[in-house]
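In what follows, chains carry the letters A, B, and so on, assigned in the order in which the sequence lines appear, proteins first and then strands, with residues in each chain numbered from 1.
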Amino acid sequence: MSETRKPFPFDEFEPKWQARWDSEKTFRTPNPGEEGFDASKPKYYVLDMFPYPSGAGLHVGHPEGYTATDIIGRYKRMKGFNVLHPMGYDSFGLPAEQYAIKTGQHPAITTAANIETFRRQLKSLGFGYDWDREIATTDPEYVRWTQWIFLEIYNSYFCEETNTARPVSELEAKGWSRDEIDNVRLAFVADTPVWWSPDLGTVLANEEVEEWKSKGHTVERRPLRQWMLRITKYAQRLIDELDTLDWPEGIKLLQKNWIGRSEGAEVAFSFLPNKMVAAEISEWKLVNEPPGEPDKFGELHIDPVKVFTTRPDTLYGATYMVLAPEHPMVGFLHPNVWPDNTPELWKGELEPARVSPYSAINAYRQACAAKSDLERGDLNKDKSGVFTGAFAVNPVNGEKIPVWIADYVMMGYGTGAIMAVPAHDERDYEFAHKYQIKIKPVVAPEAGDTFMLELLGDSQELCRDRDALLKRYATKPELYHDGLLPFHGEGIAVNSGFLDGLPTKEAKSKMIGWLVENEKGDRKIQFKLRDWLFSRQRYWGEPFPIVWKDGKHQAISDSELPLLAPPLEDYKPSGSPEPILTKATDWVQLPDGSIRETNTMPQWAGSCWYYLRYCDPSNSDRFISKEAEAYWSSNTQSSINNTQCGMVDLYVGGTEHAVLHLLYARFWHKVLFDLGHVRTPEPFQKLVNQGLIMGEDGQKMSKSRGNVVNPDDVVSAYGADSLRLYEMFMGPLEQVKPWQMKGVEGVSRFLARVWRLAVTEEGGVSPKIQDAPCSDKELLRVVSETIKKVGEDIEKLSFNTAISQMMICTNAFTQADTVPLAEFVHFLKVLNPFAPHITEEIHSRIGGEGLLSETEWPTYDESALIRTECELVVQVNGKLRDRIWMAMDAPEETAKELALASPKVQEHIDGKTMRKIIYVPGKILNLVAN
RNA sequence: GGCGGCUUGGCGGAAUGGUAGACGCGCUCGACUCAAAAUCGAGUUCCAAAAGAGUGUGGGUUCGAGUCCCACAGCCGCUACCA
């Protein structure tokens, strides 16, 4: 390939300016108390989601968000803010460790090399970061404070009275025992079913499972002892405080749905005592671990099982009960011959064949255990389950209802048991339909529903005659397919005893009242959010600052931090769930007989608080000094209310972190807030998600499709400024948009036009640039307009329209006979945040002194914007008929006269009567006639 | 299935309820050149043009709707038996 001639010598001046910004620390931001700190400046904290430094280097998605924040940061600096705009690396992670296993290189070495590449690439794009604040989550000094924060969490409990975290030392003072305290810590150990990958040698978070499976790794479910963080205690606050954040509504909703609050009731169902004969008892014992012995009469009394429901008003319609296959109570239940006290209701309705033998129950449980959640989900069209033979009692009406186990009920949500109301729940309906279980409508939709009207007959039948209803229903199975059943909406309670006639809302609260009164249940708020599985078994993560002594965990002292993982020869997973660090026997075993915790923290740990560390990155006494925390938390503006909520003014990153990272970071921040370490209740006031950049073919960029654009290639062909400008010109920041190499050429041409305005072929100053006052009013107006609009557009993050305005301005300069120097410099300043290199270069070539990056944002004269004449659009009945030049502030009478004088207008109003005239000065005159 | 987003020329995209298509790409023509590239200038929603039509579809509100309201369709993303 021949050397292509470059329209301007970006390859020479871009590295030059980058070197200068670097050596002069142009974008260094002093902290309070440091040299150069100006307390009169307001702070502005603009943050990027820091990258995981993969071996592949930057992709074009990175510079999209990074350029946006860089423009904001540079603009705010020019507007007189003390701008914090840092960058770092989320450098722990499984891929680095996998790579280490493959190559035999220590992950620290490969990670350092990757960071080196990222830093070079970031610098080649001219981002104005304060490089003195650069951090990596793997730095020992960073690890130290990650571990310190973990210990703060470990040493806290959640106080229900104050709804905040508090130190466990308070409980010690109250005389709580060691075990009692361990039960309430925000960081605790639990046996829990987790995703375990034998060949990766670690457990995986739910959301990681798919990814690693697709790479060919095996993943299985097994119960393991794990560290958990009690994020569920913060569920309500994590929902409520979203309201004060300037986040996209969609992201707020995603978080709300993830946390998944539902209101309802917990209802206790007791079981019929079953009599067992000796033979049954021994058979039952073979397959279960009985919690107790049947009494001397052979009766086993089973504790009541609680279910959660959002529809307590449908309790009368609960015709069976389902336990999750993993439900601990399943082991307590046992199929039986008919209980002696089988109510008349059930006699003859259940065939003996439908009563499952023990073996069937266990086979079913084992089959479910082998299935992953995903597989269960895939099969969700075909419900399955087995009848246990046991019966529970519907607490509200005393009816005996059969107890089934089925995998459509999940152990992980609610109590792992449900009351099934087939008439008003699709899943229950489907199941009941398949297994011929009774369906009993108890909610009538509002008037107008054909099914219900039909069932109601003379409008009273349903309530009085249940059997008639059921018979009638049995003859009409097609009603389900008509979408009439199950009816899961709100309506009027029927066939429900004391609830009859009440609308759903009132029925709910009346039923809850009844449950409370009769001690059968209680109001309950249930969340989908589960406690955060916080431990991993791999090597490349922060070790827990915990040791075990006599079977109890305890924190190591702060002075021992950072606790670093020892070097290992071999990170290869053993295939057993033992953490890799277990291999470092010397490290694990302490002289006093205690042993170190060998789990490590997940990658999220480091990213949970990095925005805090940026504020005071080299502090060795605290994770962030009080002063730095106070200053960088100040003055955040909320557009929603006047209370300041978040610390970071603007946070830009991809939607992939909409839930996990952003939820985890909010959780840690709130704990730190409760403990008095930070003063804002939230970390990120304003959040913006950049849209995905697709390949030129409109598909997601991927190696296998071969449509990946490497930013390095774009920089070498067109320069960093062109890449920056193009990524901002593609379209709205938040939108998904396809890459077009032709578009890069377009913005490159624009920059070349700017270049040629001021610089001659030989490199001298163009004679067109004249250091004289601007006599061209129209040109002055365009420049002023540009200063105004670009500033406004930057504030709105509407970069594409800002660039378009600068193109208009450039075209105006090009067309003008001379370019007044002062106006041109204004233009350069406006363009500078977008294309910092070329503007610095031109500025210095035309004799500008100092760095353009350090100048102030230009101002403009309002009067220059005022237009005296305008083109008034004349419409007849809303359709454009003519345009008339006239004075901007002409009175309606004048406008009307001029309009009526137009032949084009006359043509359309001829013979019609004028009904109305709408006049918007400077814009439009609409003549309504007929 | 649920939730969210999107739908405007050949393409990326502009439009406080007030001239639809700014700006850019592409294309056409012209200038410069021996020639090409680059550059500069003119043009470019559709229809040969006048008239007219036109922002996914169908309704509505309004003097006036891409924009607001109702219904529907298509595409994209997330989530998924959450009781």
message = For the residue pair A/Y726 / A/S748, report whether a side-chain donor-acceptor contact shorter than 3.5 Å exists.
response = no
task = Please state how far atom CD in A/E871 lies from atom P in B/U19, giving the value in whole angstrom units.
result = 12 Å
ask   = Does B/C6 have a Watson-Crick or wobble partner in any strand here, with both distances under 3.5 angstrom, and which is it?
value = B/G74
ask   = Does A/T801 make a side-chain N or O approach to OP1 or OP2 of B/A22 shorter than 4.0 Å?
value = no
ask   = Has A/R749 got a side-chain N or O lying under 4.0 Å from the OP1 or OP2 atom of B/C23?
value = no
task = Could you tell me which nucleotide pairs with B/C68 by Watson-Crick or G-U wobble geometry, both distances under 3.5 Å, or answer none if nothing does?
result = B/G60
Phosphate contact (B/G13 OP1 or OP2) by A/Q735 side-chain N/O below 4.0 Å = yes
Inter-nucleotide P distance (B/A83, B/U7), Å rounded = 32 Å
query = What interatomic distance, in whole Å, is found between P of B/C27 and the corresponding atom of B/A14?
reply = 23 Å
query = Between A/N689 and A/T655, does a side-chain hydrogen bond (donor to acceptor under 3.5 Å, both in side chains) hold up when you go through it step by step?
reply = CA-CA 6 Å; A/N689 291 120; A/T655 345; 4.7 Å; no
key: Nearest-angstrom distance, P atom, B/C68 to B/U19   = 16 Å
message = Is there a side chain to side chain contact (heavy atoms under 4.5 Å, CB included) between A/L757 and A/K768? Walk through the geometry before answering.
response = CA-CA 7 Å; A/L757 271 177; A/K768 202 169 167 180; 4.3 Å; yes
message = By nearest heavy atom, map A/Q815 and A/G414 onto RNA chain B; which one lands nearer the 5' end?
response = A/Q815
A/E249 CD - B/C78 C1' separation (whole Å) = 17 Å
ask   = Does a donor on one side chain and an acceptor on the other come within less than 3.5 Å for A/R261 and A/Q236?
value = yes
note = Taking B/C3, B/A83, B/G13 as options, the one with an atom nearest any side-chain atom of A/K737 is B/G13
task = Pick the P atom in B/C23 and in B/U16, then give their distance to the nearest Å.
result = 16 Å
Mate of B/G1 where both pairing distances stay under 3.5 Å, Watson-Crick or G-U = B/U79
query = If you look at every strand shown and take non-hydrogen atoms under 4.0 Å, does A/N926 touch a base, only sugar-phosphate, or nothing?
reply = base
task = Answer with base, sugar-phosphate or nothing: what part of the nucleic acid does A/V928 contact at a heavy-atom distance below 4.0 Å?
result = sugar-phosphate
query = Picking from B/G13, B/U19, B/A83, which would you name as closest to the side chain of A/V873?
reply = B/U19
inquiry  = With a 4.0 Å limit, can you tell me whether A/R881 has a side-chain N or O closer than that to the phosphate oxygens OP1/OP2 of B/U19?
reply    = no
message = Just to be sure I understand the rule, does A/V659 reach a base, reach only the sugar-phosphate, or reach nothing, if contact means heavy atoms closer than 4.0 Å?
response = nothing
Salt-bridge criterion met for A/K796 and A/E792 (N-O under 4.0 Å) = no
inquiry  = Can you tell me if A/K916 touches the phosphate of B/C63, counting only side-chain N or O atoms and a distance under 4.0 Å to OP1 or OP2?
reply    = yes
request  = Would you sort out whether A/W404 and A/Y435 count as a side chain to side chain contact (heavy atoms under 4.5 Å, CB included), showing the intermediate values?
outcome  = CA-CA 10 Å; A/W404 291 65; A/Y435 293 104; 3.5 Å; yes
remark   = Side-chain atoms of A/K923 come closest, of B/G18, B/A83, B/G24, to B/G18
ask   = What is the nucleic acid contact for A/N800, judged by heavy atoms within less than 4.0 Å: base, sugar-phosphate only, or nothing?
value = sugar-phosphate
request  = Could you tell me whether A/T655 contacts a base, only the sugar-phosphate backbone, or nothing, with contacts defined as non-hydrogen atoms closer than 4.0 Å?
outcome  = nothing
message = Using O4'-C1'-N9-C4 for purines and O4'-C1'-N1-C2 for pyrimidines, with syn meaning within 90° of 0, is B/G9 syn or anti?
response = syn
P gap between B/C76 and B/U8, integer Å = 15 Å
inquiry  = When the P atoms of B/G26 and B/C11 are compared, how many Å lie between them, rounded to an integer?
reply    = 15 Å
N/O donor-acceptor pair, side chain A/K742 with base B/C11, under 3.5 angstrom = no
Whole-angstrom distance between B/G56 and B/G5, as gauged at atom C1' = 16 Å
key: Distance test, side-chain N/O of A/R756 to OP1/OP2 of B/A38, below 4.0 Å   = no
query = What distance do A/L662 atom CG and A/L687 atom CG have between them, rounded to the nearest 0.5 Å?
reply = 5.5 Å
request  = Nearest-nucleotide wise, let me know which of A/G746 and A/P738 is further upstream toward the 5' end of RNA chain B.
outcome  = A/P738
inquiry  = If the cut-off is 4.0 Å, is A/N689 near the phosphate of B/G77, judged by side-chain N/O to OP1 or OP2?
reply    = no
ask   = Over how many whole Å does the gap from A/H908 atom NE2 to B/G52 atom C1' extend?
value = 10 Å
remark   = Any strand, both distances under 3.5 Å, Watson-Crick or G-U wobble: B/G26 pairs with B/U44
Nearest listed nucleotide, side chain of A/L254, among B/U19, B/C78, B/C3 = B/C78
remark   = From the candidates B/G18, B/C3, B/C23, the one with an atom nearest any side-chain atom of A/Q875 is B/G18
remark   = Between CD of A/E761 and P of B/U39 the distance, given in whole Å, is 12 Å
inquiry  = Could you tell me how far apart A/Q805 (CD) and B/A22 (C1') are, to the nearest whole angstrom?
reply    = 10 Å
request  = Remember a base hit wins even if backbone is also touched, and classify A/R915 as base, sugar-phosphate or nothing at under 4.0 Å, heavy atoms.
outcome  = nothing
message = A cation-pi test, strictly: NZ or CZ of A/K383 under 6.0 Å from the centre of the six-membered ring of A/Y408 and no more than 45 degrees from its axis. Yes or no?
response = yes
task = Using the P atoms only, state how far B/U62 lies from B/U67, rounded to an integer number of Å.
result = 16 Å
query = For A/M694 and B/C11, what is the distance between atoms CE and C1' respectively, to the nearest whole Å?
reply = 16 Å
ask   = What does B/U16 pair with, Watson-Crick or G-U, if both distances are under 3.5 Å?
value = none
key: Side-chain N or O of A/K879 closer than 4.0 Å to phosphate OP1/OP2 of B/A53   = yes
key: Nearest-angstrom distance from the residue atom CZ of A/F799 to C1' of B/A14   = 17 Å
message = Distance check needed: B/A65 C1' versus A/I918 CD1, whole Å only.
response = 14 Å
request  = Determine, for A/K788 against A/E785, whether the closest basic-nitrogen to carboxylate-oxygen distance falls under 4.0 angstrom.
outcome  = no
